[in-house]
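These numbers come from the heavy atoms of this one structure, side chains and all, not from hydrogens, waters or symmetry mates. All figures in this text were calculated on a predicted structure; none of them were measured in a lab.
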Amino acid sequence: MFSLRHSPIKRKLRVVMMSTSILSIVLTVTGFIWYEYSTFRQILVNDLAAKADLIAQNSTAALVFVNKDDAQQTLKTLESQPRILAGGIYDRNNMLFAKYTHARSQTIIPLTPGADGYKFESNRLLLFQPINLSDGRIGTIYLESDLKALYDRFASLGTITILVLLGSSLAAFALATALQNRVSQPILRLAETARTISERRDYTVRAEKTSRDELGLLAEAFNQMLTQIQDRDTNLRGANETMAREIAERERAEEIMRASEERKDAILRSALDAIMTIDHKGNIVEFNPAAEKMFGFTRAEVMGKEMAELIIPQHLRGQHRRGLEHYLATGKGPVLGKLIEMIAMRIDGSEFPIELSIMRVGMGTPPIFTGFIRDITERKQEEAVLRASEERFRQLFQTHPLPMWVYDLKTLQFLEVNESAVKIYGYSRDEFLSMRITEIRPAEDIPRLLENLKGGRPSLEISGPWRHRLKNGRTIDVEVVSHQTEFMGREAVLVVSLDVTERRRAEQELKISEERYRSLVSAITSIVWTVDPEGKFIVPQKSWEKYTGQSWEEHAGLGWLSALHPEDRNSVERIWEEVRSIRKASEFDGRIWHAASRAYRYFVARAVPLVNPDGSVREWIGTITDVHDRKLAEEEIRHLNEELEERVKRRTSELESANKELEAFSYSVSHDLRGPLRHIDGFAEMLLKKTKDSVDERVTRYSQVISESAKNMGRLIDELLVFSRMGRTEMQNKKVVMKLMVDGVITDLQHEIVGRTIQWNVKQLPEVTGDPEMLKLVIVNLISNAVKYTSKREIR
């Protein structure tokens, strides 16, 4: 085994430096890794708990209204969290209500929830957390996460740790090699001088002083010792007799001093606080075991050394030395006899807070000072944790989405409000702080509030509903969660307000809906029935008994089948088995005995399953509606429809014959009328030519009227023929550009408006789908009428 006992001092120094450096680094890294491991585990737990809280809040409605789809959709949002392997929601009966499993996970979700809390198991983090509503716990949320993030983090830390250790070791080795010579060389020279004196017995030889540090002091002390040895040799003989006399007195004094020292040592060893004594130069002359434990130095390592260099941080040493010099010069010390807090330093250079009391020991000169030191690191940490907790509470209070405030329990004055209260209630923060809690209540509710405040208050109270008045005058229904606490030295109450206006409105509507349902069931003429999953009546069915006349003993279980028509029983039983297998709302029909009419009547039945959270059917509920009269009416309507179709066929045949006769008549009339019109038009034109040069303008005008009327009559006959053809021509659906069609009709009418000033105002027209011929006929008629009936008007 390697031993340093007989090794050179250079090696010892190098080993000590390397060992101290590496040990400090290893301890520091080990502590840091352990702290990271603990902290990161808690971070994983807090993160998973926050996700569980969010899902729990979004799942309350689904649990209350038994809506599995909403709960499943809420869990499906976990797909965006790749570290979460599975999740589940349990109802208030601890039955699995909804679940989610990541695609890469083979996790089996527990059928029932475990105890609330978290645990690390098989490289997984499991969390069970309650889902609460105002009236208590309504379910449980379960989340399962892998620990890959934790392992990745510590893989990185391990790599960094190895690199730091290697780099630090190399740096420490290089530094130890460079510095050990500064320490070892003076010691080696001093050892060589001592060996020379020992061999020669020459006390005139002196050691060389090369520095002003402890080695320099050692060399100086060594030389002084040699001088004293020389003088002692000279005076030894004369002093022997005097020494013999003094020995007895010294022994007595030493005995007294030894007893005093033993009492002092007992006090120093048993003291829980560090006790340290320094001389007027600031050098340590006493260092008790508690001080050794607190600062990491041994008593031998600090005795005779300046305290400032050992336990006072670099930036405070100058202040300490100036204070000591001031006291020595003036006799005044502002810190003597007082309890002060300051920073001290351990052997490894780490700083920590202490509580210090300094007193002067005796009144001798030069003065000696004793300090009583207490490590207050834990107290400071507790204070920091308390401050951090207060800051977290303040942040939570201010950023909470629900209105929150604190009020004085005695005066009912608002002491603090958060931003949500300011935003929702409409009052500014200053307005809130100038008000009492009674001022946000309707006047008629204040006596009830004051009565409620008279009784003793539990630490946590949920109450309501209450009515709160907003600044705009609107009143809302709220439930409040209050907690008695201390705030700014006062007895106070912390209140969280939850607006339940919409919920109460929904509850009222639900209550009305339930009352309507009960009334409907009581008043309905149909049979309302409920059966177990097997289709058996397990409770008396009043409406069934009233309709069929079957007693409870007759229709209990599957006895209801006997009320069906014998020809329908097998088919209804088969259909019912199919409905039970698919477990969906279904309808079927048949014939059932009607006691009042003493006959079988047609019915339509509708069945709806009520399912458990696991998907199994709890019971079936349904109705049987008497459709006998409707069935007979439908049969009658069918017969009437058949007769009507026959009549339509006969009337269609008659109409086709009439159309053919009308068409023949139209052609005959057209042919017979055109002859006279041609004669009228021809003779009118001849008359115009004969009277062209006549001075009688009336004759000319009369002739023109006769000619135009004959032409108009011809157009009417043409239109009549076109109309007769429309009945035989099939409608054609084509795209028609209306603007082009209108422009074409206007062009065709130009010969009729010769000599007239007409302003056409045709705007942009759409493209439509229709029969082009019929559309053109409509437009021709419209524009012709417009031209005809505006012939006497002027343009305005």
Is the side chain of K293 donor-acceptor paired with the backbone N or O of P289 at a distance under 3.5 Å, no angle test?
no

Relative to the ring of F297, is the ring of F287 parallel (under 30°), tilted (30 to 60°) or perpendicular (over 60°)?
perpendicular

Between S38 and W34 (side chain of the first, backbone of the second, donor and acceptor by atom type, cut-off under 3.5 Å), is there such a pair?
yes

Is the CD atom of E121 crowded by more than 12 outside heavy atoms at less than 6.0 Å?
yes

Tell me, do L310 and M307 make a side-chain contact under 4.5 Å, heavy atoms counted?
no

Test side chain to side chain contact (heavy atoms under 4.5 Å, CB included) on L78 and I55; report intermediate values, then the result.
CA-CA 9 Å; L78 295 174; I55 294 175; 3.3 Å; yes

Only pairs under 3.5 Å count here: list side-chain donor-acceptor contacts from residues 24-31, not counting sequence neighbours, and write none if there are none.
{"from": "S24", "atom 1": "OG", "to": "T20", "atom 2": "O", "distance (Å)": "2.8"}
{"from": "T28", "atom 1": "OG1", "to": "S24", "atom 2": "O", "distance (Å)": "2.7"}
{"from": "T30", "atom 1": "OG1", "to": "V26", "atom 2": "O", "distance (Å)": "2.7"}

Residue pair F414, Y407: steps toward the ring pair (Phe, Tyr, Trp, His ring centres under 6.0 Å) verdict
CA-CA 4 Å; F414 283 103; Y407 70 88; 7.3 Å; no

Heavy-atom side-chain proximity of F487 to D408 below 4.5 angstrom
no

Any donor and acceptor pair, going by atom type alone, linking the side chain of E301 with main-chain N or O of T298 inside 3.5 Å?
yes

Spell out, as yes or no, whether a donor-acceptor pair under 3.5 Å connects the side chain of E292 to the backbone of R299.
yes

Test side chain to side chain contact (heavy atoms under 4.5 Å, CB included) applied to E341 - qualifying residues, sequence neighbours left out:
E355, I376, R379, K380

Are more than 12 heavy atoms from other residues, nucleotides or ligands located less than 6.0 Å from atom CZ of R346?
yes

Is the backbone N or O of M404 less than 3.5 Å from a side-chain atom of N418, with the two atoms forming a donor-acceptor pair by type?
yes

May I ask you to check whether over 12 heavy atoms, not counting those of R83, lie within 6.0 Å of atom CZ?
yes

Sidechain-backbone polar pair: E144 side chain, L127 backbone, donor-acceptor under 3.5 Å:
no

Q484 vs L409, test: side chain to side chain contact (heavy atoms under 4.5 Å, CB included). Steps then yes/no.
CA-CA 8 Å; Q484 188 168 341; L409 187 57; 3.6 Å; yes

So T77 and K51, side chain to side chain contact (heavy atoms under 4.5 Å, CB included) or not? Walk me through it.
CA-CA 11 Å; T77 58; K51 292 183 175 67; over 6 Å; no

Measure from the side-chain N and O atoms of N288 to the backbone N and O of I275, and report whether any donor-acceptor pair falls under 3.5 Å.
yes

So do E416 and R429 actually touch side chain to side chain, heavy atoms under 4.5 Å?
yes

Audit row: Y142, Q129, side chain to side chain contact (heavy atoms under 4.5 Å, CB included) steps and yes/no
CA-CA 7 Å; Y142 163 73; Q129 190 162 302; over 6 Å; no

Taking everything shown except Y118 itself, do over 12 heavy atoms lie less than 6.0 Å from its OH?
no

Please name the residue in the list H320, Q314, Q319 that meets the side chain to side chain donor-acceptor pair (under 3.5 Å) test with R317.
Q314

When you measure from the side chain of S482 to the backbone N and O of V495, does any donor-acceptor pair fall under 3.5 Å?
no

Quick one: does D47's side chain have a donor or acceptor within less than 3.5 Å of a partner on I43's backbone?
no

Do Y35 and F40 have ring centres separated by under 6.0 Å?
no

